[in-house]
Structures are given as C-alpha cells and as structure tokens.
Enquirer: 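So that we are looking at the same thing, I have put the structure below in structure tokens.
Atom set for the values below is all heavy atoms of this structure, side chains included, hydrogens, waters and symmetry mates excluded.
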Amino acid sequence: MTATEHGNLPTALTTFVGRRHEIAEIRRLLRTRRLVTLTGMGGVGKTRLALEVSAAAQESFPDGVWLVDLAPVSGPSAVTARAAGALRVPDLGALPVLDRLTGYLAGRQALLVLDNCEHLIDACAELATTLLAAAPELRILATSRHILDVRGEQMFALSPLPEAEAVELLLDRATAVRPDFRVEEADRPGLSRLCADLDGLPLAIELAASRLRTLSVGQLTERLENRFALLTGASRTAPVHHRTLRGVIDWSHELCTPAERLLWDRLTVFAGGFSLEAAESVCSGDGIDEAEVLDLLDRLVAQSVVLTCEVDGLPRYRLLSTIREYGRERLRESGEQDELRRRHRDFFLALAQRVDQSWYGPGQSEKLARMRAEHPNLLAALDYDGDPRARIALAASLRWHWSTGGFLSEGRRQFERAFAASREPSPERARALLCAAWVAQTQGDLATADGWLDEADALGESLGDTWVRNRASGLRGVSAHYRGQLEEAIRRYENALSAATALGDEHEATSWRLALVSGQTYAGDPRATETGERVVAASEASGER
C-alpha cells in the first residue's frame, strides 16, 4: 500500500463482483451524510465494498481518500495514532496526536475510511465525532459489525449476495484457481444450491472456490456439513480472522458480551426462524432473565448476528446457516443442548395445544399463518425423542395444521413415526389415533384409517374414555360417507352429535352437525336445511367462519 497526496487505497488484486446498486447508494449517501457506517456480519464483504466505493469516489475528494485499517490495532489508545499514521501526518513538535490530526484535516475535502471498527467501537466513535467537528469538509466511511451510534451517523446494512451475484463470484474465483473450470447450463442449479448453502457470504464463497481445485461442486456441497474445517485457506496476507470461516465467526463471537454469546448459542435450537415470544420462553433462565432477552436480541441484531425478517406478515428473527452451525457447536459443548431442545419442544407443544383448543372461533387464518411460519420448528420439536407421549400429543395437536394448513402427507408421516417410536397405551395415543385416522380419511386411505380407528376404539374401551369411543364411532361415519354408505354415515353422525351435546362440548357438536348436514344433503334428506341453519347460527354465535 503506497500513500500519495491523493490517498493510500490499495490496488485491488481481484475483480469486484456485483453490488452495483449498493455502490451507487453508498456514494449517494456520502454526498449528503458525513458519516456512513457499513454494517453486516463477518465475511459479508464490508471492507471490499468500502474500498470499491472509495476508489469510485476519488474524484469527489481532491484531498484524498485514506484507508485506516484498524484490524491489527488491539487497544483504543492506539486508534488516533493509527489514523494519523495512515494519513502520513508529520510528527513534529509537542502537540498531541489528535490535535495534529484535526489540524491536518481542517479545511481539507477528504474521505476517511475507518475499517474494522467493531472491537474499538467507543474509540472510533469518539475519533469520528472529533474529526467531523474539526473538519467541515471531511467525510467518513466506517465498516463495523455494529454502528458507532453517534449523532449524524447513517447506517447501511449489507446483506449477503443475491443468488445470481453469488454464483458469478464463485465462477470468477474458481476460474482464478483453476483456469480450466467450466460449467454447463445444467450445472447451474448445483452452483446455486452451493451458494445458498454458503449463505451468499462472499468470504465463504471465496474459500469454497479455492477447494474447487480438487473437488467437484457436488462433492463440495456434500461436505459443507463440516464447513468450518472445509472452508480454510484464504490468502496469507488476509487478516488472521479472515483466513478461515471459523476465524471470522470466532471474531464475531469474541466481540459479544458473555450474555450475548449465551443467547446466540441458545438461539440455534430454533429451525428456520423464531419469534420474540419463543426466544423469551425457550432461551431465558440460567444466566439470562426473560426480561433481558429483548435487549440482548436487539444487540445481536445490531451486530448482524441475528437477522430480522417477515413471514406471512409476522415479524420474525433468523440466523444464517453459518452462524447457526457455529453456535450449535458451542451449545453442544456447553452441555445445554438437550435441555434447550426439551424447552423448545415444550414451547411448541403448548402453542399447538392453544391453537387446537381455540380453533373454533375467530382468527383461524391468523392461527394458520402462525403455524406455517413455525413449520420448521414444529418438525424440529417432533424430532425430539425425550418423551414419546409428548411427541404423540404434539402430532395430534397439529391436526388443523396438517389438514387445513395443507400438510397432510407430512402429518401422516409424523403420526406413523410417533406411533412406531412408542406403543404404550395412553390417552395421548388414543386421541392421536383419531387425528391420524382423520388425516388418512382426508387422503382417501380408508383402509389405514379404519385400522387406526379400531385401535383407538379398543384403547378407549380399556381406558374407560367415552369421548374417544364416541369420536371413533363418528369418524367411522366419515369412512362410510366416503364409501357412499350414507344411511350408516348419517346414523353415526347423529349418535356422535348427541354424545357431544350431552357432554356440553359445543365445538365438537358443531363439527358433527356440519358432517351431518353434508351427509343429509348427499342423501337428499329434507332435514338438511334445518341442520344447516343450526350450523350457521352456532358458527355465527362463536365467530366461526
């Protein structure tokens, strides 16, 4: 890196790929804001983008564009001296270094790039505030895992590369290490999958490209389960914490407070994303108060460890795969993983039971949206083997998610797995058999449904559970209905309706009344009109749509 009167930007040794929109937007911000901070997780390309923006903007800064690389600086007291050294400010006289630096920049129209501020955030914030006050024509572009949090700062959050740009970067870097590297159009889905598995992180993509010297794209993708051992080998001139994927995530983890690290590790128990309510319930305790979770989560978002998103209109949080895998390793090492998985299962079992019990009434579309958003977490909870009865209860409580939500085949698979894992006769199994039979009926598999109804009926008799036996009889009416045996179907529906009414279970009664009006209509029974009117009246009274 050579310093001239126009700055000290290093010459790029590789082509810059993508980010054209980001470059244009950051340049626009620098024309109107005096301090712009690029934030984002480690490896997302903050430094390289800042250098590209700075190089493109050199003509706008006649007094130079100056890079201050703070990665090697270990203490806050050295930040100002590092900046003065980068600008080649003469060390003459007895003035303090900050006074010399402000005097040098006063009146100059320059751009100062403060790179890698995250481990020196307070010192960088103080320096930026002082320099901007002393030099009205100065602009500062900072890169950091989180903002400097000073007056006048404009944050620009850098996201991972979109698919097309990620693939372009992979091809560019792969060709550099292996000139004969070629891909056909048929290979592009594999490249897209690899880049998606790498979270679109430029550092991860560049490290992966170096492995294409000896591995095919398919082999590389298969080995990503052990990504931290696989993705090594960056340039020896790169900062130490950027030479391996583990190194860059280690760096982020170390910059967090103990409580932030603890929450990071615990959040990895979630699959696909999570809500604030879930994080507060599952991740609190043993070092984190429930009231602390929101603040800690906010700080992890500010450090780009946790990302915010929206699913079906619901605010959510998520972790990139790389961040999740790293935290999951730490969670396993801590010995907390099994307890966190149990708490995760318990939270989603309680959620599913609330939805099931409150299904009849208003808000069904909102309930379905919530369950769709939680689908990956529901499957993860069903994979927890700590309590077979709880697993069966969870599968049964998701009956509306499986049927009305559009996951019949998944529901069927989960019932089969849960029944095979434990054959203990229990009330949970009896009720789950009824739900499973209904799912099978909806799929048109009446033979399997009948077998499950037989078992449920026998269990209900041995347990003395009249509700189970009545519902099993009603569901046999559904099978008869589907087989065209309308007389038997209507008889069973009427019996089930009478039993539910006698128990005072209005929701169950409404369900059987709806089945009854369907059977009566198909049979041409004139009572269908009266039955239908009662269904409508009961539904309107409860807000059921």
Side-chain angles (χ1 to χ4, degrees), residues 14-25 40-46 48-49 52 157-234 242 244-246 248-249 268 270-273 304-312 316-326 328 372-373 375-377 379-380 410:
T14 56
T15 56
F16 186 83
V17 175
R19 303 284 199 200
R20 295 301 161 195
H21 170 75
E22 289 91 335
I23 291 173
E25 179 62 15
M41 70 166 292
V44 80
K46 299 182 295 295
R48 186 63 196 276
L49 178 59
E52 196 69 15
L158 192 58
S159 300
L161 288 171
E163 179 186 310
E165 292 182 7
V167 171
E168 184 184 355
L169 177 62
L170 180 66
L171 291 174
D172 182 87
R173 300 303 192 255
T175 304
V177 300
R178 187 175 146 191
D180 64 341
F181 185 79
R182 298 288 182 274
V183 293
E184 303 297 331
E185 196 59 35
D187 300 323
R188 287 196 169 265
L191 290 173
S192 295
R193 179 190 163 200
L194 174 58
C195 291
D197 287 348
L198 294 167
D199 294 317
L201 291 178
L203 175 65
I205 291 168
E206 298 211 18
L207 293 171
S210 69
R211 290 296 189 187
L212 292 175
R213 290 189 188 96
T214 52
L215 296 175
S216 69
V217 171
Q219 289 174 318
L220 186 56
T221 303
E222 289 171 4
R223 291 168 179 261
L224 279 184
E225 186 174 336
N226 193 14
R227 66 184 64 204
F228 295 115
L230 181 67
L231 301 181
T232 61
H242 273 192
T244 68
L245 187 61
R246 181 179 293 280
V248 79
I249 309 302
T268 64
F270 294 107
S304 306
V305 171
V306 175
L307 304 179
T308 58
C309 56
E310 190 176 281
V311 178
D312 286 329
R316 306 276 292 169
Y317 301 88
R318 69 185 181 92
L319 302 175
L320 294 179
S321 299
T322 301
I323 293 291
R324 182 184 297 109
E325 288 306 315
Y326 181 90
R328 195 166 282 168
R372 274 196 304 271
H375 185 70
N377 279 309
L379 298 187
E410 183 62 51

Enquirer: Which pair of non-hydrogen atoms, one from Phe270 and one from Arg328, has the smallest distance, and what is that distance?
Expert: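 That would be O-NH2, 3.8 Å.
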Enquirer: Just wondering, do Leu158 and Glu22 contact through their side chains at under 4.5 Å, heavy atoms?
Expert: yes
Enquirer: For residues Arg19 and Arg48, determine if any side-chain heavy atom of one lies less than 4.5 Å from a side-chain heavy atom of the other.
Expert: no
Enquirer: Taking the side chain as C-beta and beyond, is there a heavy-atom pair between Pro162 and His21 under 4.5 Å?
Expert: no
Enquirer: Any side-chain to backbone donor/acceptor pair from Glu165 onto Val17? Under 3.5 Å, distance only.
Expert: no
Enquirer: Heavy-atom distance under 4.5 Å between the side chains of Tyr326 and Thr268, does that happen here?
Expert: no
Enquirer: Could you check whether any side-chain heavy atom of Leu319 comes within less than 4.5 Å of a side-chain heavy atom of Leu307, counting everything from C-beta outward?
Expert: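 No; the side chains remain at least 4.5 Å from each other.
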Enquirer: Can you measure from CG (Leu198) to CG (Leu320) and round to the nearest 0.5 angstrom?
Expert: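 Between Leu198 CG and Leu320 CG, I get 11.5 Å after rounding to 0.5 Å.
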Enquirer: Quick one: closest heavy-atom pair of Pro160 and Asp199, and the distance?
Expert: CB-O, 3.0 Å
Enquirer: Which pair of heavy atoms, one from Ala271 and one from Pro376, lies closest together, and at what distance?
Expert: O-CB, 3.4 Å
Enquirer: Measure across Met41 and Lys46 and return the closest heavy-atom pair with its distance rounded to 0.1 Å.
Expert: O-NZ, 3.1 Å
Enquirer: How long is the straight-line distance from CG of Leu191 back to CD of Glu168, given to the nearest 0.5 Å?
Expert: 12.5 Å
Enquirer: Rounded to the nearest 0.5 Å, what separation is found between the OG1 atom of Thr14 and the CG atom of Asp172?
Expert: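 Those atoms lie 7.5 Å apart.
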Enquirer: Ignoring hydrogens, what is the shortest heavy-atom contact between Leu379 and Glu410? Give both atom names and the distance.
Expert: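 For Leu379 and Glu410, the tightest heavy-atom pair comes out as CD2-OE2, 3.7 Å.
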Enquirer: Kindly compute the distance separating SG (Cys195) from CG (Leu161), expressed to the nearest 0.5 Å.
Expert: 8.5 Å
Enquirer: Looking only at atom types and distance, does a side-chain atom of Arg316 sit under 3.5 Å from a main-chain N or O of Ala373, one as donor and one as acceptor?
Expert: yes
